[in-house]
Amino acid sequence: MQLRQKLADKKSIHSIIGLGYVGLPLAVEFAKAGLTTVGIDIVRDKIDMVNAGTSYIGDVAGEELARVVSEGTLRASDDFGELKDADTINICVPTPLRKTKDPDISYIVSAVREIQKNLRREQLVILESTTYPGTTEEVILPLLEEGGLAVGRDFYLAFSPERVDPGNVKYTTKNIPKVVGGVTPACTELATLLYRTANMNPVPVSSSRVAETVKLLENTFRSVNIGLVNEIAMMCHKMSIDVWEVIEAAATKPFGFMPFYPGPGLGGHCIPIDPFYLSWKAKQSGFEARFIELSGMINSDMPMHVINRVAEALNERRKCINGARILILGVSYKEGIDDTRESPAYDIIKLLQYRKAEVMYYDEHVGSLENAGDVPAFAYTAGNIRNLDCAIIVTGHREVDYRLLVENAPLIFDARNVLKDFKSDNIVLL
Ligand SMILES: NC(=O)c1ccc[n+]([C@@H]2O[C@H](COP(=O)([O-])OP(=O)(O)OC[C@H]3O[C@@H](n4cnc5c(N)ncnc54)[C@H](O)[C@@H]3O)[C@@H](O)[C@H]2O)c1
């Protein structure tokens, strides 16, 4: 049966490769729309947890996952042979940077090789991982066509960027519009039909290259604007102007201004990484993406700026970083989530330890802090807070009792302005 008809009859089988922050919510949305879905991952623990109906991703409600698993619409497997039965395959694997800041698309290539072994007529393959313009056509297409099947005629290939914002309850995988760009018009049409069948809101564009660039524009826009406001924050500090008050007042303009806020550095899997996918590719066409490089430099200097400001504030209190007991408050890269990937907390901890501070951390969302050496968890009590020399708020979480902190800490360096409702001499703002 033709894929178009199978989708219309909801007789299609769907596969999602990579059950992480992006893939698991997508798999659950497909299953909730009544589409039989098989998630494929290489990590056994994740497969076992999905099949037990247990969620390990904050944005996926345990009850919803358990329901679709018990109804039989979603299951997980590590057997890539199952791809043979799938009518559609969405790829949601990681796309990190190498140490040299070059794109690492090895996870995509490895997933695509598995798909190629199982590729058959009337299958639709969609890449959702963020990547540089041209990946779908220049890397995936030749691999898939190795077996002799032709795109647009025998099988279909498209790119649709995942735009999920972890922790955001208003905009989720389901209601964020899905930009879709196929390698041929038939590919775009079928990919659009898939998302519509899954009750999502697809936005077709003319090519996979355009769809790839859309995602990178969105994340570059954020990185550049954060870089700009970080520079303004450092400038305002030099001029003794309260940058937070400036932004708050500027944001009253009903048009032409969108507030971005300074912070201790970029984190997460997207904003610190994705713009470099674009600048890397642009370089190959002889183009230097100056805004990307500059905002990258400013944003990655922010942890050092925090250290300098903390040293300055300690100095005013006749103290120094060497030997100071310093608490890092909030180590996930943003509010309300447990994800610490690329978190600026790591850089700040490293810089403090290098200067021989005694560093501890507290984060209600993060059970253990991996890759940070010897950083003990802090018991958040008034007595312990009183024994600190400084607390640095790297990430604010709603659940934290900040009153306890303000009433007991000798010095608080607030890099997020989460203490805006408190007035106290011991608070120093970024
Ligand atoms: N996390 C976000 O907020 C977010 C938002 C938008 C886009 N993205 C992009 O989506 C992609 C996935 O990101 P993520 O945050 O979900 O990553 P993740 O690390 O949470 O999940 C990736 C999953 O893929 C699995 N995997 C790795 N190689 C595999 C392979 N060869 N076969 C099968 N499974 C494999 C991993 O075990 C993991 O479970 C990345 O390109 C990322 O940039 C992420």
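One-based numbering, in listed order, for ligands and for the atoms of each. Along the sequence shown, the residues carry numbers beginning at 1.
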Ring pair (Phe, Tyr, Trp, His ring centres under 6.0 Å) against H269, all qualifying residues, sequence neighbours excluded: none
Give a yes or no on whether the backbone of A76 and the side-chain of N51 come within a donor-acceptor separation of less than 3.5 Å. yes
For N299, does its backbone N or O pair with a side-chain atom of N230 as donor and acceptor, under 3.5 Å? no
Spell out, as yes or no, whether a donor-acceptor pair under 3.5 Å connects the side chain of Q123 to the backbone of F155. no
Heavy-atom pair of closest approach, residues S12 and L7: OG-CD2, 3.6 Å
Who's touching ligand 1 if we go heavy atoms under 4.0 Å? I17, G18, L19, G20, Y21, V22, I40, D41, I42, V43, K46, F80, C92, V93, P94, T95, Y107, S110, S129, T130, E162, V164, P166, K215, H269, C270, R341
Which heavy atom of G23 sits nearest a heavy atom of I16, and at what distance? O-CG2, 3.7 Å
